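Accompanying notes for the structure given below.
In what follows, chains carry the letters A, B, and so on, assigned in the order in which the sequence lines appear, proteins first and then strands, with residues in each chain numbered from 1. As the structure is a computational prediction, the values presented were derived from the model and not from experiment.
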Amino acid sequence: MLSSLKQDFFAQDAEIVARELLGKILVRKENGKEKRAKIVETEAYYGPEDPASRACKNGDLKNTMESNAGTILVYGVHNNWLINFVTGTKGKAEAVLIRALEPLNFNEKCSGPGLLTKALNINKNFHNKTIGNELYILDNPEKVEIIESFRIGIKKDLPKKLRFYIKDSKFVSRR
DNA sequence: CATATGATGGACT
DNA sequence: GTCCATCATATGG
């Protein structure tokens, strides 16, 4: 039985959490049913420091990013939902975006931030909730090869590689 | 209420 | 690789 990640796991720098999250198992419980998926792609986001993050402008987002580690942040853009986990210590405005998952016990596309939220039935009502019974992450001893690169689809980015994904995973978004 | 915006996805060349 | 349909959100009046 794999252990569930505790809040202190998320209380690290967003970049660290983003790396560590790769290969771990995301669990979504809904009406007694359980969907599991391996995290294969993430991105680190910072608040005011990050030109890509809308937290600098959006008060609600910023507020959520500054709240406690392990808080779920859901943001809607285009016709999709994007899910993040708040990281760092309180007041730090950091988060990790989950970009892609590898479905384990179900069969829906998760190769993209919008798709995975659809597959797992995640929407705005998860916003500002905390990792818990309905949504949580299991540790995974499996070793993965991590590739880092610049983030995707963003207007202005920091000159840092903040996107992390598992080498050779066919489930990451293609861009 | 009206308007601007975009952390996308998918189809197509 | 490029192009575009689409729509929930934020913000201002």
Over how many whole Å does the gap from [X] atom [atom1] to [N] atom [atom2] extend?
X: A:Asn79; N: C:dT9; atom1: CG; atom2: P; answer: 12 Å
X: A:Arg163; N: B:dT8; atom1: CZ; atom2: C1'; answer: 14 Å
X: A:Arg151; N: B:dG6; atom1: CZ; atom2: C1'; answer: 15 Å
X: A:Leu73; N: B:dA7; atom1: CG; atom2: P; answer: 15 Å
X: A:Glu108; N: B:dG9; atom1: CD; atom2: P; answer: 15 Å
X: A:Ile154; N: B:dG9; atom1: CD1; atom2: P; answer: 12 Å
X: A:Tyr75; N: C:dT11; atom1: OH; atom2: C1'; answer: 11 Å
X: A:Trp81; N: B:dG9; atom1: CH2; atom2: C1'; answer: 17 Å

Open item on the list: It should be established whether A:Arg99 places a side-chain nitrogen or oxygen under 4.0 Å from OP1 or OP2 of nucleotide B:dT8.
Closed with: yes
Task: A:Lys124 side-chain N/O to C:dA8 phosphate OP1/OP2 under 4.0 Å - done: no
Is the shortest side-chain N to carboxylate O distance from [X] to [Y] below 4.0 Å?
X: A:Arg151; Y: A:Asp50; answer: yes
X: A:Glu102; Y: A:Lys170; answer: no
X: A:Lys38; Y: A:Glu142; answer: yes

Open item on the list: Of the listed nucleotides (B:dA7, B:dG6, B:dG9), which one gets closest to any side-chain atom of A:Leu61?
Closed with: B:dA7
TODO: Look at all strands and tell whether A:Asn84 reaches a base, only sugar-phosphate, or nothing, counting heavy atoms closer than 4.0 Å.
DONE: base
Task: Geometric cation-pi criterion A:Arg28 and A:Phe106, 6.0 Å radius, 45° cone - done: no
Task: Ring-face cation of A:Lys6 near A:Phe9 (centre distance under 6.0 Å, axis angle within 45°) - done: no
Task: Verify stack between A:His78 ring and B:dG9 base, 5.5 Å, 30 degrees - done: no
Task: A:Asn107 atom CG, over 12 foreign heavy atoms within 6.0 Å - done: no
- [ ] Please say which of A:Ile166, A:Ile152, A:Leu21, A:Leu101 ends up in a side-chain contact (heavy atoms from CB on, under 4.5 Å) with A:Glu41.
- [x] A:Ile152
Open item on the list: Which residue is it: A:Pro103, A:Ser173, A:Cys110? I am looking for the one with a side-chain contact (heavy atoms from CB on, under 4.5 Å) to A:Leu116.
Closed with: A:Cys110
Task: Bracket string, DNA chain B, 5' to 3' - pairs by Watson-Crick or G-U geometry under 3.5 Å, | interstrand - done: ||||||.|||||.
Taking only nitrogen or oxygen atoms into account, show me every contact under 3.5 Å that the protein makes with nucleotides 10-12 of chain B, one pair per line with its distance.
from, atom 1, to, atom 2, distance (Å)
B:dG10, N7, A:Arg174, NH2, 2.9

Task: Exam field: side chain A:Lys24 to backbone A:Glu20, donor-acceptor pair closer than 3.5 Å - done: yes
